[in-house]
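Just so you know, these numbers use all the heavy atoms, side chains as well, and skip hydrogens, waters and symmetry mates. Labels below follow one simple rule: chain letters A, B, ... track the order of the sequence lines, proteins then strands, and each chain is numbered from 1.
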Protein chains: 2
Amino acid sequence: MSAKYGLLGLLSYGDQSGYDLNRTFSHSINNFWHTQTSQIYKELTSMEKVGWLTSHIVYQEDKPNRKVYSITELGREELHKWLDKDFIEKEMRIRNLFLIKVFFLGENKIDENILLFKEYKARCEATLNRLEKIDSNIEKFVENEKDRNRSLYWKMTARYGDYYYKMCIEWANEMIEILEKEKTK
Amino acid sequence: MSAKYGLLGLLSYGDQSGYDLNRTFSHSINNFWHTQTSQIYKELTSMEKVGWLTSHIVYQEDKPNRKVYSITELGREELHKWLDKDFIEKEMRIRNLFLIKVFFLGENKIDENILLFKEYKARCEATLNRLEKIDSNIEKFVENEKDRNRSLYWKMTARYGDYYYKMCIEWANEMIEILEKEKTK
DNA sequence: TGGGTCATGTAACCTGTTACATGATTAG
DNA sequence: CTAATCATGTAACAGGTTACATGACCCA
């Protein structure tokens with residue numbers, strides 16, 4: 001219900017093979033929606049079956065043949081239906097594994113928990129650093145006027161990542177402070 | 001791999017039936033990990049099968065009988081193994097459906113997109129308001145010294161929600177501003 | 001008499017993860 | 001010689017969603 005539309009959206013920009021899509025996806029949407037290679041091939045097969053995509057084989061001599069997918073009119077309609085659809089609760093929900101751990105940290109020692117939050121913070125910082133290169137990377141992908149318009153929105157998702165990890169770091173800092181104070185009680 | 005440990009954690013606080021757990025879950029962990037009633041009953045059955053839980057029937061006269069679950073020693077071990085486990089990439093990943101939409105907004109009109117972000121912002125504000133009552137709600141759940149210690153961590157997850165939705169509102173504001181400027185170009 | 005709460009689920013389905021398979025070419 | 005890249009997947013499983021089923025009691 002999501003990896004599906006990510007792939008459909010990418011194909012609305014132009015034809016790609018499963019292999020291409022896997023790479024495109026991993027440089028873009030993967031930052032906020034993770035997928036496996038195997039899932040990509042599966043979704044493509046299933047979307048072709050329902051007529052959202054068509055495919056044709058491109059024969060290559062020195063490399064394996066490629067199965068190139070194109071979006072159909074029906075596929076394009078489905079994509080826009082999805083994009084225009086009203087908000088659903090799902091889009092607003094937090095889904096955070098780490099918080100489940102935090103919820104049950106009462107059983108652990110405070111010192112361990114401080115370390116956990118420090119480790120968490122360090123990982124957020126690492127990801128934030130990685131994200132900082134994204135904006136210039138996006139520029140490299142821009143090839144025409146349409147892309148230039150699209151890239152505004154690509155950058156918005158990158159900006160979200162920036163906001164997000166900075167927020168997590170702030171939160172972690174506050175939690176570490178609280179735990180340090182708790183220790184001296 | 002997650003709703004499972006949420007339930008296991010709640011049962012480590014004391015025995016509960018599926019019905020109880022459904023309510024406890026929906027007032028706590030549901031704020032950052034959503035579940036269906038049906039999933040709760042399924043997970044309980046499967047955890048009993050592998051020996052993490054045991055159950056017994058409590059007969060009632062004027063109400064349906066209850067199937068009350070207790071955590072076993074094995075279940076407790078598994079819970080702590082999970083809590084102590086090193087970070088996995090999964091815990092750090094953003095998984096955000098709305099961002100997939102944003103990524104493809106280039107095909108829509110700017111005015112529509114401004115409205116979309118305003119709607120998004122309004123929903124964040126509504127959720128934030130709802131969350132503000134959580135801290136005092138947590139206090140009501142505290143019944144003993146153990147709970148008092150645990151509640152520190154429960155509140156941390158609530159605090160995350162606070163940080164999170166405020167961040168989303170800030171982000172949305174910046175995006176609206178960008179789009180307003182883009183319009184006048 | 002209609003809706004809410006109490007209490008249990010099942011069935012079918014969709015989505016996502018893990019692990020594995022194949023095999024040629026190319027660059028260090 | 002070895003590892004990476006190109007390129008396709010399949011099989012089995014785990015996790016999550018949607019829809020439905022049952023039935024009694026209580027309150028307005």
Side-chain angles (χ1 to χ4, degrees), chain A residues 1-8 15-27 29-30 32-50 52 55-69 78 82 88-91 93-97 100, chain B residues 1-8 15-27 29-30 32-50 52 55-69 78 82 88-91 93-97 100:
Chain A
M1 194 103 254
S2 36
K4 199 173 227 102
Y5 290 99
L7 293 165
L8 201 56
D15 295 359
Q16 288 193 63
S17 69
Y19 189 79
D20 296 335
L21 281 163
N22 193 30
R23 303 185 75 217
T24 318
F25 209 96
S26 78
H27 295 135
I29 299 172
N30 234 259
F32 41 89
W33 199 273
H34 198 266
T35 47
Q36 260 66 38
T37 309
S38 60
Q39 201 192 345
I40 288 178
Y41 285 106
K42 252 200 316 185
E43 297 288 3
L44 289 171
T45 310
S46 98
M47 284 194 282
E48 190 176 15
K49 210 175 277 174
V50 294
W52 297 9
S55 71
H56 66 276
I57 306 290
V58 173
Y59 295 92
Q60 298 191 119
E61 273 173 26
D62 48 349
K63 289 174 195 168
N65 298 331
R66 307 169 64 239
K67 192 172 175 185
V68 175
Y69 288 91
E78 290 293 336
W82 180 76
I88 36 169
E89 251 357 84
K90 271 186 199 171
E91 286 168 51
R93 289 207 283 250
I94 298 178
R95 184 195 176 92
N96 187 320
L97 249 168
I100 306 185
Chain B
M1 193 107 252
S2 35
K4 199 172 227 106
Y5 291 100
L7 292 165
L8 202 55
D15 295 0
Q16 288 193 63
S17 70
Y19 189 81
D20 296 335
L21 280 163
N22 193 30
R23 304 185 75 215
T24 318
F25 209 95
S26 80
H27 295 136
I29 298 173
N30 233 260
F32 41 90
W33 199 273
H34 199 265
T35 46
Q36 260 65 41
T37 308
S38 60
Q39 201 192 345
I40 287 178
Y41 285 107
K42 253 201 315 184
E43 297 289 2
L44 289 171
T45 310
S46 98
M47 284 195 281
E48 190 176 16
K49 209 175 277 173
V50 294
W52 296 9
S55 71
H56 67 277
I57 306 289
V58 173
Y59 295 91
Q60 298 190 120
E61 273 173 27
D62 49 348
K63 291 176 196 168
N65 297 331
R66 306 169 65 238
K67 193 171 173 185
V68 174
Y69 288 91
E78 290 294 335
W82 180 76
I88 37 170
E89 249 0 80
K90 273 185 198 172
E91 286 169 49
R93 288 206 284 251
I94 298 178
R95 184 195 177 93
N96 187 320
L97 248 169
I100 306 185

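- Taking 4.0 angstrom as the limit, Lys67(A) places none of its side-chain polar atoms (N or O) nearer than this to OP1 or OP2 of dC6(D).
- Atom P of nucleotide dC6(D) and atom CZ of Arg66(A) are separated by 11 Å, given to the nearest angstrom.
- Here the rule is side-chain contact (heavy atoms from CB on, under 4.5 Å) with Ser17(A), and of Lys67(A), Arg23(A), Arg66(A) only Arg66(A) fits it.
- Leu7(B) has its CG atom 13 Å from the C1' atom of dG15(D), to the nearest Å.
- Atom OH of Tyr19(A) is separated from atom P of dC6(D) by 4 Å (rounded to the nearest Å).
- If you take CD of Gln39(A) and C1' of dA11(D), they are 15 Å apart, rounded to a whole angstrom.
- Minimum heavy-atom separation, Gly18(B) to Leu44(B): CA-CD1, 3.6 Å.
- Where Arg23(B) and Thr37(A) each meet DNA chain C at their nearest nucleotide, the meeting point lying more 5' is that of Arg23(B).
- Between Trp52(B) and Tyr5(B), the ring planes are tilted. Angles from 30° to 60° get that label.
- Taking the 5' to 3' direction, DNA chain C first and last meets chain A under 4.0 angstrom from a heavy atom at dT15(C) to dT26(C).
- Under 4.0 angstrom from either OP1 or OP2 of dT17(D) there lies at least one side-chain N or O belonging to Arg93(A).
- Between the NZ atom of Lys42(B) and the P atom of dA14(D) there is a distance of 12 Å, given to the nearest Å.
- Contact annotation: Gln36(B) side-chain N/O to dT17(D) OP1/OP2 distance is under 4.0 Å.
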**Request:** Apply the test side-chain contact (heavy atoms from CB on, under 4.5 Å) to residues Arg95(B) and Phe32(A): give CA-CA distance (whole Å), side-chain angles for both, the deciding distance (0.1 Å), then the verdict.
**Result:** CA-CA 5 Å; Arg95(B) 184 195 177 93; Phe32(A) 41 89; over 6 Å; no
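- Here the CG atom belonging to Leu7(B) is positioned 5.5 Å from the CG atom belonging to Leu21(B), to the nearest 0.5 angstrom.
- Nearest approach of Trp82(B) to Ile100(A), heavy atoms of both residues: CH2-CG2, 3.7 Å.
- Both Lys4(A) and Asp20(B) lie near DNA chain C, and the one whose nearest nucleotide falls closer to the 5' end is Asp20(B).
- Here the C1' atom of nucleotide dA24(D) and the CG atom of Asn65(B) are 12 Å apart, to the nearest Å.
- Nucleic acid contact for Thr45(A): none, since no nucleic acid atom lies under 4.0 Å from a heavy atom of the residue.
- For the pair Tyr41(A) OH and dA12(D) P, the interatomic distance rounds to 21 Å; values are reported in whole Å.
- Nearest approach of Leu97(B) to Ser2(A), heavy atoms of both residues: CD2-CB, 3.8 Å.
- For the pair Arg95(A) CZ and dG15(D) P, the interatomic distance rounds to 12 Å; values are reported in whole Å.
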